[in-house]
Amino acid sequence: MNREKDAKTRDFLEVAKSCIKICRAHGVPLLINDRIDIALACNADGVHVGQSDIPAHEVRRLLGPNKIIGVSCKTTEQAEQAWIDGADYIGCGGVYPTNTKANNLTVGIDGLKRVCLASKLPVVAIGGINHTNAAAVMGIGIPNLKGVAVVSALFDRQCVLEEASKLHATLVEATT
Ligand SMILES: Cc1ncc(COP(=O)(O)OP(=O)(O)O)c(N)n1
Ligand SMILES: Cc1ncsc1CCOP(=O)(O)O
């Protein structure tokens with residue numbers, strides 16, 4: 001996921017194009033946060049939108065049937081709408097408090113469970129997740145909870161690679 005909240009459009013596109021090259025080389029899909037124009041310009045694999053961004057049904061109309069669309073949902077009603085709008089997955093959170101996103105309501109593990117149970121879509125948990133609590137999140141044991149998304153657990157640390165390995169090991173243990 002390429003999430004650039006303050007970048008100039010041209011700079012964002014350059015970063016996205018660099019990310020696409022790396023992702024393609026490793027067989028990893030790249031989604032762009034919020035920006036359909038950037039996703040189209042760099043031929044990304046999809047877009048993730050929040051509740052105050054362009055509605056997912058418009059994203060689907062613009063990107064066509066083959067791109068991946070994710071929608072942030074905190075409630076069962078939003079999850080239902082994401083399904084109707086043609087989303088491919090739901091991002092649900094913040095599961096725990098986070099400093100990464102201002103004024104972000106924390107839904108907790110209970111909110112995450114409600115959204116998972118209300119939808120047929122795969123769900124990714126987000127917000128305050130790191131290698132110390134990822135096992136507890138995945139441990140709720142609801143089949144359509146497919147993973148976690150993190151920002152500060154990797155990028156607010158000294159070594160991204162080391163933190164990614166720790167988180168990866170935790171997730172492998174929690175899900176096998
Ligand atoms: C998997 C996943 N979930 C949620 C988000 C956040 O998207 P959004 O609600 O649009 O919030 P901002 O990132 O724009 O602040 C995400 N990017 N990925
Ligand atoms: C983008 C977003 N949406 C819900 S919480 C969040 C930020 C998650 O960041 P972190 O992993 O640093 O808590």
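Predicted model only: the values in this text are computed from it and were never measured. Both counts, for ligands and for their atoms, begin at 1 and track the order of listing. Heads up: numbering here begins at 1 and tracks the sequence.
Interface atoms of ligand 1 facing Ser72, defined by a heavy-atom separation under 4.0 Å, are 4 (C), 5 (C), 6 (C), 7 (O), 8 (P), 9 (O). Counting atoms of ligand 2 from 1 in the listed order, those under 4.0 Å from a heavy atom of Val150 are 11 (O). Near Gly50, meaning under 4.0 Å from any of its heavy atoms, are these atoms of ligand 1: 8 (P), 9 (O), 10 (O).
Remark: side-chain polar atoms of Lys74 are paired, donor with acceptor, to backbone N or O of Gly93 under 3.5 angstrom. Checked by atom type and distance alone, the side chain of Thr98 pairs as donor or acceptor with a backbone atom of Thr100 at under 3.5 Å.
Residue-level proximity to ligand 2 for Asn104 is carried by the side chain, the only part with a heavy atom below 4.0 angstrom. The side chain of Thr100, and not its backbone, has at least one atom closer than 4.0 Å to an atom of ligand 2 (non-hydrogen atoms only; side chain from C-beta on). Heavy atoms of Gln51 found under 4.0 angstrom from ligand 1: none, in either backbone or side chain.
Hydrophobic clustering (side-chain heavy atoms under 4.5 Å, transitive across Ile, Leu, Val, Met, Phe, Trp, Tyr) keeps Val71 apart from Val115.
Protein heavy atom in closest approach to atom 2 (C) of ligand 2: Lys101 CD, 3.4 Å.
Residue contacts with ligand 1: Val49 is placed with no nitrogen or oxygen under 3.5 Å of a nitrogen or oxygen of the ligand (distance criterion only). Note: an N/O pair closer than 3.5 Å links Val151 and ligand 2 by distance alone. Backbone and side-chain nitrogen or oxygen atoms of Asp34 are examined, and one is located within less than 3.5 angstrom of a nitrogen or oxygen of ligand 1.
No side-chain heavy atom of Ile20 sits under 4.5 Å from any side-chain heavy atom of Asn43.
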